[in-house]
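Structure first, then comments.
We name chains A, B, ... by the order of the sequence lines, and we start the count at 1 in each one. Predicted model, so just to flag it, every value in this text is computed and none were measured.
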Amino acid sequence: MSRAPKLPSFIASHLQGANVPPGASKEFCNLIKAIGESGTNHEETRIIAKEAKVLEERLRQPNITKKQMKEYLIRLLYCEMLGKEVSFGYIHAVKFTQHSSLLEKRVGYLAVSLLLHEDHELIYLLVNTIQRDLQSTNIVEICMALTVVCKLINAEMIPAVLQYVVPALGHSREIVRKKAVLALHRFYQRSPSSITHLMPKIRRALYDQDPGVMAASLNLFYDMIVDDASKNKDLVPSFVSVLKQVVEHRLPKDFDYHKVPAPWMQIKLLKILALLGKDDRAASESMYEVLRDCLRRADIQSSAAYAVLYQCVLTCTQIYPSSQLVELAAKSVGRFLRTDNNNLKYLGITALASVVSVNPSYASPHKALVIECLDDPDETLKRKTLDLLCKMTNPANVKVIVEKLLGYLKSTVDTYLRKDLVPRIIELAERYAPDNVWYVETINTLFQTAGDLVHDRIAHNLMRLIAEGTEDDELDAELRVFATESYIELLEEPSLPDVLVQTMAWVVGEYAYLAEDYDQEIVLQLVCDLLNRTYDDEATTKGWIITAIAKLVAQTGLFPNAVRDQLQVWLSSVSSDIQQRCAEVLALVQNGSLMREVLPIDASCEDIEVDEDLSFLDSVVQTALQNGARPYEAHDINIRKEQPAHTTESTNVASTFNFEPYEAPQDPDQASSSAAFNQSIFSNAQADPVLSQLPSHRGAGDASSTGTGRTTPTDASSTAAKPSAASALQVKARRWGRGGDLVKKQQQQAAQEQPSTTEAAEGASHQQQQQQQEDQQQQQRQEEEDRRRREEEAAAKRQAQQRAASRPMDEEKRQLADSIFVSADNAPVSPRTARRSRAKKSRAARGARRRDGGASTAARSAAPVGDLLSLDDEPQQQQQQPSAGDDLMGLDLLGDSQPAVTSTTTASHAQQQDAAGDLLGDFFGSSTTTTAPSATTSSSPPPPSYDNFMSSSLPVSNAQEQQQQQTSGQDLLGGLDDDFGLGGLSMSSSSSQQQQPQYASSSTNGGGGGMDLLSLGGFGESSTDSTGGGDGGLLMPSNSAEATTSASTAGGDGAEDGIPGTLLVKDDNFVVSYVKEQADDCVHVDVHVKNMTSHVSSGLVTKLDGSRGLDRVDAHKLETKFGMKTSAGGSATQRTSWIAASISAGMSIQGQTTYLQGGATRTLRFKIPLSPPDFLRPLSLSTEEFGAMWQSQCTAERAQMITSSPVTTVDDLSSSALETLHLSTVAIIGAEVIMAGQLLNNSDRVCLIHWRVDAPTLHAAVRTKSMPFTEAVLQVVVSSFRS
Amino acid sequence: MGLRFFLLVNKQGQTRVAQYYQYRDVETRVTNEAEIIRKCLARTEKQCSFMEYRGFKLIFRRYASLYFIVGADNDENELAILEFIHMVVETMDQYFEGVCELDIMFNIDKAHFILDEMIANGEIVETNKTRIIAPIRVIDKVDKLSS
């Protein structure tokens, strides 16, 4: 880049090819030049500082032109970018946004978005401008405003702006819609609740015709799914479909990037699918295909394709796995690993880690490559490989892996990395340690390298391990010796982290005797030397050390002067804890045997019995009292020892004030009375809830404060004060008062009698005091030691429990990978079985939970998926018909005595009967073109028709999607080919009728009269196998009077010929017709046969078979054949009564009438159609009942919109529904009507319909407990109410 | 979340364009940028274009003397971002009809406009070159007409 000489800008630019902006001032150019030429940082800073000053000056001038201001702002941006804050300029930036010129406004917005931040006070000034711009008619301004919203709006301002953003969501220009969605995303990020009411619109954005808008919504959905996947599970099919379309190159060409279609969109979708499919088998299964496809297509040699491939592999391994997919994924991973490109190797390693989490065996083929990566000089790659190894650890390879990790830990100084490695090492060590010795070693190394990052509880666990050991004594001993010796070695190390020192001190203190090779005295000395060092946590660590010293002294009986001196020094430490410990040791040392008692060897795991009452002192106290010693006075609280704030749960900490009045003062000369006095005081004090309480000595649960042994008293759970009696005996039996005065008293008395264990008792009370203090101390020390031990143990136990509880967190990974290095079979069994079994249990529990979780999520998602699937099934079935022309599923063919035709089955035999065929051919002629290419068997998700207020159902068929994509004019039928492909999604054809469910377009097929055949609700022709409400157009309400048969002639109303009821079939000799009569509990069907001949009928037999789901309930229900006799010109009737066990769309009674004529048997076949309304009876419900049923029981729903319906008012609707459907109206609310009906008299089988009248459109949603029922009813509804 | 920042820094460590998607004050920014460019400069061709940095990731690519550096959260697809960087360069190339560092320096506002179109809320939102450049051209045209 050559430097520009000083030439006028246009020449300069011409010479250099740089696009110097026209109108750039000389100053500006100079600035840029200067910055560009500055060699050092220092110089740059100088330039910028100068510039800032200049700008400050300039900005103070009045009358700055817009052009100038624009330039100043850009220069301000430079200043800030290069490190100089220029807050004087902010307000100018804000003001500049108010200009009307586009570029200026844009620059203003840019400046504020770079200079300010969302919590800046000046933002408030901006909001107004933004609001104005959001309402502008100029699209560019709206876009600018929306862009700024995405950068600067914080949660507080959302309400102010949201109202203007919402209309932008529906703007006609896609760029505005896209930016509006982005603005919503921002709102969501700042305050998720602010846009929950906009969910429908957001979902609509996902289905927006413009891929840009759709892509924008993906980001928002991703965030929402991260927060809560379950709410969006129903969108899985949609995402799958979108991904499919992208992958299949259905987007316009300009979305391609180097031959890969919209890679970033694919990646986002893959991420979303990974989240949605996680642990959810049903959802995952719906994704397998598109993932396979994606994997396959991304198999080209382009970086973008690799990126997609990588993401796809990740997704395949994160969802509920399909072994096939995972295998494909693993293959791809192999490809990544084998390249030379480090970036790809890096991705390969990450992907391998993911694959390994599903199936560990996939790692072995790549052993060599992985090892190579491990030693690669490229640090990033190394770290990723370590990650992989961590995932693949098992008992066989754990040593090596941990060694590597430790090596890494030692060599790095990056704090983030260290923080990352330490827990990993710990986890691996604990989980897979082959033996205890190795574990101890590893933890030691860890302590040494990164002790400051290691949590205390690790140390406690270690100690516990050493202390408790396992059942194998020999191993334990070995471990202890090993540990002790290694620690003794370490004693001389210069720098030791706290936690290590604590551990060492403890171990050495406990087990030094085991280390026979070492001179105990020296050990003692070394430990003592530790005191001289400084630690992060002085009190704690030194406390440990001192206790260790005490133990060593006890065990060895040595007390070198050096040690004594040390202790004396620390006796005056700032920390009272240290003081106390030192004092204790010094005191205990006086009595070797006592010390040994107090600090027994290897008794850390034993419980300590504490005689809380100090009953052994009772006799002493008694004697003392008898000798005139003063009983304990609790009148002042001993503050020598700090009191912890605890009280036990059982006692209440009412008030610290004694509200009981003192007794009247008595003559103090009377000893007894004084004694009594004292006692009474004492007893009052005892009565005082506080004084009689003994604060719990149990320190905090945090074992690290074990060292800070608070003294005092034993458990507070002891008995309350005894009522006062003059007996001094009472005193001794009383508990420790606060501050231990009672004991002191006892000591005082005791000491008077008994020779003290220290020096000989002296007369001076002062000395006695001292001694008593010491004795007391000694007692207390003893207690304390015991207590402390117990605490340590308890704390350590607690720590272990806590750890066990938290271990589930680590084990979420549930990995046991086969080793790259060694197969897991060679692994030695870890002796730490206890831990392992606990781990196993929690793992199992978690596995169970996950399974359950999976099951429950599967169950949860099963419902909607189930619906979709069921929906899918039917159209698919029908699609598979031989596309010979029509797929009149329901085509029930006379002449084929096929039993029970239900709507979906037997559809395949769209065999046409004779005349019927022709008729049908006409009927469905136009449909032939469409049925054939029912190519889109795999459904892409339906864009839900949001006009459907029952928004839950997402009809699945591709058809609808196709419909949606087309511009309005297009007929379903023509729409099948590639239109759907590019046209649909191109932004140019923005059909505003995107949501138009093209239900009505099949009217070509529907029309025609009387094709009653179809009462079998086939999902008629529509290639588009539309969903619910199969829009076949072939549905005729069966109870319309025009029911005819397909045979012979088109029927008319039989009544014309003097025939009762509706004509079914006739020939020259007989006429068969039927009458339906609806009773409350059944439907009566009377079949009439009229004899048209001139002689008596012979062999006239009528056979009737109900279709599936229909049952006879009349007296002769077991008979299907009925003989009839008719005289010439006469007729006979056979009545049968029917109920429907299950309603489906195509119910009918098939029959035939045979008779003999001229020696031959003639047959007349017919079919009596039955439709759901035949079986429905009105049901009166209250609105609440309706609501309850709607929500909970009737979950099978179908909804339909009938686009032109003759019924235009709610009243019309009510009455016609009653008439045609036999449903009674529950309530009418505005333009909505709810109706209910029941199946015959079975009030458990209800049918609920919710209508919305929106003339001339009618929306209907039908709900029953079973889908076939619902569908059947809906078909009838549609056909009845369509004009 | 997603992306944290998008930087253009030259070999001497001078920042040419900086867009942050999480607010950082000026000093922090400058020090971080210096550290980041040092790390990038230390990398050889053969090594990964990705780095771990302070608990998140850096993805960078060198074009002539300019380093394009993106900071991203740990769950992002690194290669995708690398390709995105390339897409940014291609877009700028198309807009500026052959982009060079000076172009960017003189037209820093346009460079920002382009990035604003492509990244929003810390996420990649638009990768269709035509769509990215279109609004900016409109503004240019209007500006030219008015002046």
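- Side-chain atoms of A:Val308 and B:Glu83, non-hydrogen and from C-beta on, never get closer than 4.5 Å to each other.
- Contact count versus chain A (heavy atoms, under 4.5 Å) is highest, among B:Ile104, B:Ile108, B:Val138, for B:Ile108.
- Note that CG of A:Leu381 is 5.0 Å distant from SG of B:Cys48, once rounded to the nearest 0.5 Å.
- The candidate with the highest count of non-hydrogen atom pairs below 4.5 Å against chain A, out of B:His86, B:Glu33, B:Lys110, is B:His86.
- A salt bridge between B:Asp116 and A:Arg106 is present, with a side-chain N of the basic residue lying under 4.0 Å from a carboxylate O of the acidic one.
- Salt-bridge annotation for A:Asp376 and B:Lys46: absent, with no side-chain N of the basic residue lying under 4.0 Å from a carboxylate O of the acidic one.
- A:Glu44 touches chain B through its side chain: at least one heavy atom from C-beta onward sits under 4.5 Å away, while N, CA, C and O do not.
- Using a 4.5 Å cut-off between heavy atoms, A:Val107 contacts chain B through both its backbone and its side chain.
- Looking at A:Tyr78, its side chain does come within 3.5 Å of a backbone N or O of B:Met105 through a donor-acceptor pair.
- Of the two parts of B:Tyr20, neither the backbone nor the side chain holds a non-hydrogen atom closer than 4.5 Å to a non-hydrogen atom of chain A.
- Put simply, OH on A:Tyr188 and CG on B:Asn121 are 13.0 Å apart, with the number rounded to the nearest 0.5 Å.
- In this structure, B:Gln14 contributes its side chain and A:Ile35 its backbone to a donor-acceptor pair below 3.5 Å.
- Residue B:Arg43 touches chain A through its side chain alone, counting heavy-atom pairs closer than 4.5 Å.
- Your options are B:Ala34, B:Ala80, B:Gly55, B:Ala18, and the one with the most heavy-atom pairs under 4.5 Å with chain A is B:Ala80.
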Kindly determine whether B:Glu52 and A:Lys384 satisfy salt bridge (Lys or Arg N to Asp or Glu O under 4.0 Å), including the steps that lead there.
CA-CA 10 Å; B:Glu52 319 246 335; A:Lys384 262 297 148 146; 5.0 Å; no
Decide yes or no on side-chain contact (heavy atoms from CB on, under 4.5 Å) for B:Met118 and A:Trp264, but give the supporting numbers first.
CA-CA 12 Å; B:Met118 299 177 84; A:Trp264 295 277; over 6 Å; no
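- Using a 4.5 Å cut-off on side-chain heavy atoms (C-beta onward), A:Ile175 and B:Pro135 make contact.
- Residues A:Leu344 and B:Leu79 are in side-chain contact: their nearest non-hydrogen atoms beyond the backbone lie under 4.5 Å apart.
- Looking at B:Ala120, the atoms closer than 4.5 Å to chain A (heavy atoms on both sides) all sit in the side chain, from C-beta outward.
- Taking each heavy atom of B:Val17 and A:Met81 in turn, the nearest pair found is CA-SD, 3.6 Å.
- For a residue to count as touching a neighbouring chain, one of its non-hydrogen atoms must lie under 4.5 Å from one of that chain's; by this rule B:Tyr53 does not touch chain A.
- Heavy atoms of B:Tyr23 lying under 4.5 Å from chain A belong exclusively to its side chain.
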Take B:Lys129 and A:Asp254 through the side-chain contact (heavy atoms from CB on, under 4.5 Å) test and state the conclusion after the steps.
CA-CA 8 Å; B:Lys129 286 202 227 29; A:Asp254 53 354; over 6 Å; no
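- Heavy atoms of A:Lys105 lying under 4.5 Å from chain B are absent altogether.
- Between the side chain of B:Asp143 and the backbone N or O of A:Leu103 there is no donor-acceptor pair closer than 3.5 Å.
- Residue B:Asn128 holds its CG atom at 8.5 Å from CE of A:Met265, rounded to the nearest 0.5 Å.
- Residues B:Arg131 and A:Pro211 come closest through the heavy atom pair NH2-CD, 4.2 Å.
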So B:Glu123 and A:Leu182, side-chain contact (heavy atoms from CB on, under 4.5 Å) or not? Walk me through it.
CA-CA 10 Å; B:Glu123 304 277 359; A:Leu182 295 177; over 6 Å; no
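- Of the two parts of A:Tyr257, only the side chain, counted from C-beta on, holds a non-hydrogen atom closer than 4.5 Å to a non-hydrogen atom of chain B.
- With a threshold of 4.5 angstrom between heavy atoms, A:Ile32 approaches chain B through its backbone and through its side chain.
- For a residue to count as touching a neighbouring chain, one of its non-hydrogen atoms must lie under 4.5 Å from one of that chain's; by this rule B:Asp140 does not touch chain A.
- Neither the backbone nor the side chain of B:Lys141 has a heavy atom closer than 4.5 Å to any heavy atom of chain A.
- Heavy-atom pairs under 4.5 Å with chain B peak, among A:Lys179, A:Arg383, A:Glu118, A:Met144, at A:Arg383.
- Checked by atom type and distance alone, the side chain of B:Thr15 never pairs as donor or acceptor with a backbone atom of A:Leu82 at under 3.5 Å.
- Per-residue counts of heavy-atom pairs under 4.5 Å with chain B were compared for A:Arg186, A:Glu104, A:Lys84; the largest is that of A:Arg186.
- One distance of note links CG of A:Asp378 with CE of B:Met51; it measures 10.0 Å at 0.5 Å rounding.
- At distances below 3.5 Å, not a single donor-acceptor pair connects side-chain atoms of B:Asn77 with backbone N or O atoms of A:Ile267.
- Using a 4.5 Å cut-off between heavy atoms, A:Ser38 touches chain B through backbone and side chain atoms alike.
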Could you go through the side-chain hydrogen bond (donor to acceptor under 3.5 Å, both in side chains) check for B:Glu90 and A:His258 one step at a time?
CA-CA 11 Å; B:Glu90 281 186 3; A:His258 297 187; 2.7 Å; yes
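- With a 4.5 angstrom heavy-atom cutoff, B:Glu27 does not touch chain A via any of its atoms.
- Between B:Glu126 and A:Lys178, at least one side-chain nitrogen of the basic residue sits less than 4.0 Å from a carboxylate oxygen of the acidic one, meeting the salt-bridge criterion.
- Counting heavy-atom pairs under 4.5 Å between each of B:Val30, B:Val26, B:Val99, B:Asn10 and chain A puts B:Val26 at the top.
- Using modelled atom types, one side-chain atom of A:Asn343 and one backbone atom of B:Ser49 make a donor-acceptor pair closer than 3.5 Å.
- Taking the charged nitrogens against the carboxylate oxygens, B:Glu76 and A:Lys271 do have a contact shorter than 4.0 Å, which makes a salt bridge.
- The part of A:Thr147 that comes within reach of chain B is its side chain, from C-beta onward, which places non-hydrogen atoms under 4.5 angstrom from that chain.
- Heavy atoms of A:Lys67 lying under 4.5 Å from chain B are absent altogether.
- A:Ile74 touches chain B through its side chain: at least one heavy atom from C-beta onward sits under 4.5 Å away, while N, CA, C and O do not.
- Only the side chain of B:Leu82 comes within contact range of chain A, with at least one heavy atom under 4.5 Å from a heavy atom of that chain.
- For A:Cys150, the parts sitting under 4.5 Å from any heavy atom of chain B are the backbone and the side chain alike.
- Side-chain contact, B:Gln47 with A:Asn342: no donor N or O sits under 3.5 Å from an acceptor N or O.
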